[in-house]
Amino acid sequence: MTSSQGGAAADAGLDAGDGCVLEAQQLKKRFGGLVAVQDCSLSLRSHRVTGLIGPNGAGKSTVLDLLSGVERQDDGHVLLRGESIDRMSTHARARRGLIRTFQDPRVWPYLTTLENVLVVGDAKSGYSGWAAILRHRRATARQAANIQRAVDVLSAVELEHMRDRRARELSGGQARLLAFARLAMANPEVVLLDEPLAGVNPILADRLLELIRGMAERGAAVLLVEHNMEAIERVCDSVFVMSEGRVIGTGTWEELRQSEAVVEAYLGTGARV
Ligand SMILES: Nc1ncnc2c1ncn2[C@@H]1O[C@H](COP(=O)(O)OP(=O)(O)OP(=O)(O)O)[C@@H](O)[C@H]1O
Ligand SMILES: [Mg+2]
């Protein structure tokens, strides 16, 4: 894997315009007296992995909350394919192909591994868990294709052999892979990942990075929040740097590591750049 795989070659497949799928315009979020995010503008492009880095408390997760609709901004706008989604719920955004993940892998413990993937369906055709479970349990012709797709997705994360085991029997690492399989099944256009590598071993981290890169290669716009700078260097086409609620730098990893402001923001907290 190189850091520029999603670059010039991928541009050929982009739709009209610059391929900007999701755009944040001057977002601001206050929690009581604390301004967590201020004047934050960033954009995500299809076929690209965009990094979002910054010291603890910089406002990264809050930005993901604002983009996905978990929180509402006090100021600014979020545009999906050029249209404002400011008033849309998290579910409405998910139906339009915008999905955010959380640091803990969220799976259904009492469903089997295969069922966990099957209930996702396609993000664009709805993302309602229980309705999907009921649909799943009523076998239909359409499901044969879905099942095949779910099995393919599971084999891509090397979990096919666990397909009939309940998710609660999986190890922590396998649960993370399953969460990724669910994401792949949802096939979202925009993926917001909050520290997906936190606490995972290096082999699994490698696998997850390949899967992240693969999502972008298939056309998704991926936003990756990570403290693991090696991972950022490996998979990101470009990176936004936040500090104290603001974007203080943007560019390729190589450009950023030469920026004094960026290095200072990290050195101040002991993180390595
Ligand atoms: N729901 C909330 N209520 C009050 N303050 C909050 C809330 N969520 C976040 N904050 C504060 O907003 C600031 C930004 O937090 P945020 O979680 O976005 O940072 P982060 O960059 O994701 O940090 P980390 O790298 O530690 O995950 C912090 O000072 C945090 O304490
Ligand atoms: Mg965070």
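Owing to the predicted nature of the structure, the values given are computational and were not obtained by experimental measurement. In each ligand, atom 1 is the first atom listed, and ligand 1 is the first ligand listed. Numbers here simply count residues along the sequence, with the first being 1.
For Ala58, a nitrogen or oxygen atom sits less than 3.5 Å from a nitrogen or oxygen atom of ligand 1, counting backbone and side chain alike.
Atom numbering of ligand 1 starts at 1 in the shown order; those under 4.0 Å from a heavy atom of Glu195 are 25 (O), 27 (O). Under a 4.0 Å criterion applied to the non-hydrogen atoms of Ala36, ligand 1 contributes the atoms 12 (O), 13 (C). Of all the atoms in ligand 1, the ones that sit under 4.0 Å from a non-hydrogen atom of Leu34 are 11 (C), 12 (O), 13 (C), 29 (O).
For atom 19 (O) of ligand 1, the choice among Ala198, Gly59, Ser243 with the nearest heavy atom turns out to be Gly59. Summarising the contacts of atom 18 (O) of ligand 1 with Thr62, Leu64, Asp194, Val70, the nearest heavy atom is found in Thr62. Of the candidates Asn56, Val35, Leu52, the one placing a heavy atom closest to atom 26 (O) of ligand 1 is Asn56. Looking at Gly57, Gly33, Ser61, it is Gly57 that brings a heavy atom closest to atom 14 (C) of ligand 1.
The residues Arg96 and Glu189 are annotated as not salt-bridged, no charged nitrogen and carboxylate oxygen being separated by less than 4.0 angstrom. Between Arg166 and Glu115, none of the side-chain N atoms (NZ, or NE/NH1/NH2) sits under 4.0 Å from a carboxylate O, so this pair counts as no salt bridge.
Taking 2.8 Å as the criterion, Ser61 counts as a coordinating residue of the Mg ion (ligand 2), since one of its N, O or S atoms falls below it.
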Sequence neighbours left out, cut at 3.5 Å: what donor-acceptor pairs do the side chains of residues 59-71 make with other protein atoms?
| from | atom 1 | to | atom 2 | distance (Å) |
| --- | --- | --- | --- | --- |
| Lys60 | NZ | Gly54 | O | 2.9 |
| Lys60 | NZ | Pro55 | O | 3.1 |
| Ser61 | OG | Asp194 | OD2 | 2.8 |
| Asp65 | OD1 | Arg100 | NE | 3.1 |
| Asp65 | OD1 | Arg100 | NH2 | 2.7 |
| Ser68 | OG | Leu64 | O | 2.7 |
| Ser68 | OG | Asp65 | O | 3.4 |

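Within the 4.5 Å cutoff, side-chain heavy atoms of Leu224 are placed close to those of Pro196. Side-chain contact check for Thr112 versus Asn116: every heavy-atom pair is 4.5 Å or farther apart.
Using a 4.0 Å cut-off between heavy atoms, Met242 makes no contact with ligand 1 at all.
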Hey, mind stepping through Asp237 and Thr252 against side chain to side chain contact (heavy atoms under 4.5 Å, CB included) and telling me if it holds? CA-CA 6 Å; Asp237 299 295; Thr252 63; over 6 Å; no
Asp86 and Gln73: side-chain hydrogen bond (donor to acceptor under 3.5 Å, both in side chains), yes or no, with the steps? CA-CA 8 Å; Asp86 291 338; Gln73 67 267 26; 3.0 Å; yes
